[in-house]
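In the text below, chain A, chain B and the rest are named by the order of the sequence lines, each starting its count at 1.
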Amino acid sequence: QQQVKQSPQSLIVQKGGISIINCAYENTAFDYFPWYQQFPGKGPALLIAIRPDVSEKKEGRFTISFNKSAKQFSLHIMDSQPGDSATYFCAAADQTGANNLFFGTGTRLTVIP
Amino acid sequence: KAGVTQTPRYLIKTRGQQVTLSCSPISGHRSVSWYQQTPGQGLQFLFEYFSETQRNKGNFPGRFSGRQFSNSRSEMNVSTLELGDSALYLCASSPRSGRLTNEQFFGPGTRLTVL
């Protein structure tokens, strides 16, 4: 059973456009929601993370929007660049403090010049 | 600060063999988690070690085991390898394991191929 559902599976965006990736979860015990970026042949790199006490967090061109009532969160990449082309994973973890991340299935982003 | 290092980077084994993978966390980090990444199942949590103790375990058979040393370095072992064990094995280190879930930083992974 997939604890975190991610969409779309793939995304093609023009350079300078906005990339939007969505995730949904069911477990209300989740209280930590990170996003990871992975390039081929590399491990996932932490991009940005949010906790449920805020509805939005921005770091540079990357923004997480969080909707606690809908149990959804999304990643927005503003001014997308070809160098952003990678696979993006959302994840969630619960309040037990365990470092056990439940990952979404990933979104392959391609930014075309 | 050096990142998470994993050795070896690539490994080829045959069915029935066993394998040991190694992970050195970021200096000062005491928690090490292991994940398996496959095209079909995605990223799945294997187990977490903190202060040489297994704190949590994912839904994997007993053939998958691990340990952590006093210097926080960790090893995972897979016995009686199966074709389905072919995957990228990722190690992630975190500053601590406590009530607040902490940021995890991943290494480059070990690509295991089972023939």
Checklist line | Least distance between heavy atoms, A:Leu46 atom then B:Gln104 atom | finding: CB-O, 4.2 Å
Notebook entry, point to check: B:Val4, B:Tyr49: one ILVMFWY side-chain cluster at the under-4.5 Å cut-off?
Noted result: no
Check: Is there a path of hydrophobic side-chain contacts, each under 4.5 Å between heavy atoms of I, L, V, M, F, W or Y residues, that connects A:Phe73 with A:Phe102?
Finding: yes
Next item on the list: Give a yes or no on this: more than 12 heavy atoms of other residues, nucleotides or ligands lie within 6.0 Å of atom CZ of A:Arg61.
Entry: yes
Notebook entry, point to check: Roughly how far apart are A:Asn100 CG and B:Gln44 CD, rounded to 0.5 Å?
Noted result: 10.5 Å
Check: Are B:Val114 and B:Val19 connected, step by step, through hydrophobic side chains (Ile, Leu, Val, Met, Phe, Trp, Tyr) whose heavy atoms are closer than 4.5 Å?
Finding: yes
Notebook entry, point to check: Where is the tightest heavy-atom contact between A:Phe89 and B:Gln37, given as atom of each residue plus distance?
Noted result: CZ-NE2, 3.5 Å
Next item on the list: Flag yes if more than 12 heavy atoms outside B:Asn59 fall under 6.0 Å of its CG atom; otherwise flag no.
Entry: no
Check: Tell me, side chain or backbone of A:Pro44 under 4.5 Å from chain B's heavy atoms, or both, or neither?
Finding: both
Check: Quick one: CD on A:Gln38 to CG on B:Leu88, what's the gap to the nearest 0.5 Å?
Finding: 7.0 Å
Check: Hey, is the main chain of A:Leu101 close enough, under 3.5 Å, to the side chain of B:Tyr35 for a donor-acceptor pair?
Finding: yes
Next item on the list: Answer with yes or no whether the hydrophobic clustering places A:Ile21 together with A:Phe30; edges join I, L, V, M, F, W, Y residues whose side-chain heavy atoms lie under 4.5 Å apart.
Entry: yes
Next item on the list: Give, as side chain, backbone, both or neither, the part of B:Arg111 having an atom under 4.5 angstrom from any heavy atom of chain A.
Entry: neither
Notebook entry, point to check: Is it true that B:Phe106 and A:Tyr36 have ring centroids separated by less than 6.0 Å?
Noted result: yes
Next item on the list: Examine A:Leu47 and A:Ile77 and state if one hydrophobic cluster contains both, with Ile, Leu, Val, Met, Phe, Trp and Tyr joined whenever side-chain heavy atoms are less than 4.5 Å apart.
Entry: yes
Check: Relative to chain A, which segment of B:Leu90 carries a heavy atom at a distance below 4.5 Å: side chain, backbone, both, or neither?
Finding: side chain
